[in-house]
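Let me begin by presenting the structure, written as structure tokens, before commenting on it.
First listed ligand is number 1; within each ligand, the first listed atom is number 1. Both backbone and side-chain heavy atoms feed into the values below; hydrogens, waters and symmetry mates do not.
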Amino acid sequence: MGGSDETFDIVIVGAGPVGLSFATSLAQSELKVAVVEQNPLESLANPPFDGREIALTYASIKILRELGAWDAISASDKSPLQGARVLNGSSPFALRFDAPSGSGEPLGVLVPNCRIRDALFKIVRLQDHARLLCGHSVMDAANSHKGAVITLSDGMQLSARLVVAADSRLSVTRDLLGIGADINRLGNSMLICRVRHERAHRQIAIEWFDHHQTIAMLPLAEGVSSLLLTLPSNEADRLLACEDDLFLMELTNRCRGRLGRMTMASNRHSYSLVTTWAHKFWAPSAALIGDAAIGMHPVTAHGFNIGLSAQKQLAHGILTAFRDRRDIADPGMLHRYESWLRLSAAPLYYATNILVGLYSSEHPAARLARHVGLRFGQYVPFVRHGISAMLRR
Ligand SMILES: Cc1cc2nc3c(=O)[nH]c(=O)nc-3n(C[C@H](O)[C@H](O)[C@H](O)COP(=O)(O)OP(=O)(O)OC[C@H]3O[C@@H](n4cnc5c(N)ncnc54)[C@H](O)[C@@H]3O)c2cc1C
């Protein structure tokens, strides 16, 4: 693998929240790390609001705290989630999830994605072990048991003992490494914006599976929520393009006045929904993390939570090998990482996909199953408590 312009121990492709967390996790070592990002440095230094409010579990908050990122996020950007209600069509019945009484702790905390990226970027920038190469995309990758070489868009070649792909669910690096993936394009998009509204949200989130649409209302500051509307992509495109007044009118109608009168509190963002599961999470001298490994449907709000714990697991394997003077791309260690990730993420990934299938179908059998499912969940306490515990994991 000679002839490259520069040599690193680890090259991370993608400076999203998972790539940046991974770079931060490696900071305690003397490993020479590069982070390659296609976007320019300015957009990492000042990440724009992208509509996503990430529901963080306790495990994620603990990891972000260990990385030094949690305290770097201001309190006004942290919105506690005290409960959630799941509604089906026009039925008044709601499946309820509440923070355990007396614990004083919420179910989770919502933080804007851009604030997480911002906090992590500032930490990586201050560390000298990681070099940021922004404004470059990966154009080619070659790997063998001896190491990997990646070629950037300006022709520069970087060689590394280990290349780690963190370049999103449609990862180019994953393709270049010859790792296949199950990619499921759902034909739906999620349209997101913040709204100010009359009625109090009491820090309770609402997930409402209505006919031909799903609406989530995530409670932020007092009188402000993030609205997430899942629709067929052509419908979402139409709403994304229309004037603010028309958009608000349609949003209010679709929400059937649940939040009272609304005004816009942010611009609109749209994400076409794609779920992915890579066939392997490693290859010789290479590994996948974050959405490049598993791209979850956002409805159960776990993509980043899974990515964050996976990067911690991989970093632990690498740092242990490095400390013991073993190979940091040892196939046995990468294989253990893969098994751990499969085992911990598969139940949630497949359960989420079943839920999405059930709740986006208008077939009478699916409607009946939704109705029965919600009541079953409410009256069989271990289901409700199990899900609450999972959210607080
Ligand atoms: C609407 C929505 C709501 C969500 N809500 C939640 C939630 O509540 N809780 C939760 O846990 N998760 C949630 N998620 C999922 C979460 O946003 C993702 O799991 C997380 O962003 C994945 O981070 P990542 O770093 O792996 O990838 P990304 O965030 O996709 O970042 C990838 C980075 O790689 C760069 N890149 C891409 N290709 C290249 C290339 N060829 N060369 C160089 N750089 C490249 C990109 O520019 C980007 O910076 C949500 C997702 C969506 C869409």
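Taking the six-membered ring for Trp and the full ring otherwise, Trp282 and Tyr337 have centroids separated by 6.0 Å or more. Taking the ring centroids of His269 and Phe49, they lie under the 6.0 Å cut-off.
Ligand 1 lies under 4.0 Å from heavy atoms of Val13, Gly14, Ala15, Gly16, Pro17, Val18, Gly19, Val36, Glu37, Gln38, Asn39, Arg52, Glu53, Ile54, Ala55, Arg117, His136, Ser137, Val138, Ala166, Asp167, Ser168, Met190, Ile192, Tyr271, Gly290, Asp291, Pro298, Ala301, His302, Gly303, Phe304, Asn305.
Between Ala283 and Asn143, the closest heavy-atom pair is CB-ND2, 3.8 Å.
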**OP:** Given salt bridge (Lys or Arg N to Asp or Glu O under 4.0 Å), test Arg254 with Asp210 step by step and report yes or no.
**Re:** CA-CA 9 Å; Arg254 284 177 180 273; Asp210 199 11; over 6 Å; no
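No side-chain heavy atom of Gln157 sits less than 4.5 Å from a side-chain heavy atom of Ile150.
Taking the centre and axis of the six-membered ring of Trp70, the NZ or CZ atom of Lys62 falls outside the cone set by 45° and 6.0 Å.
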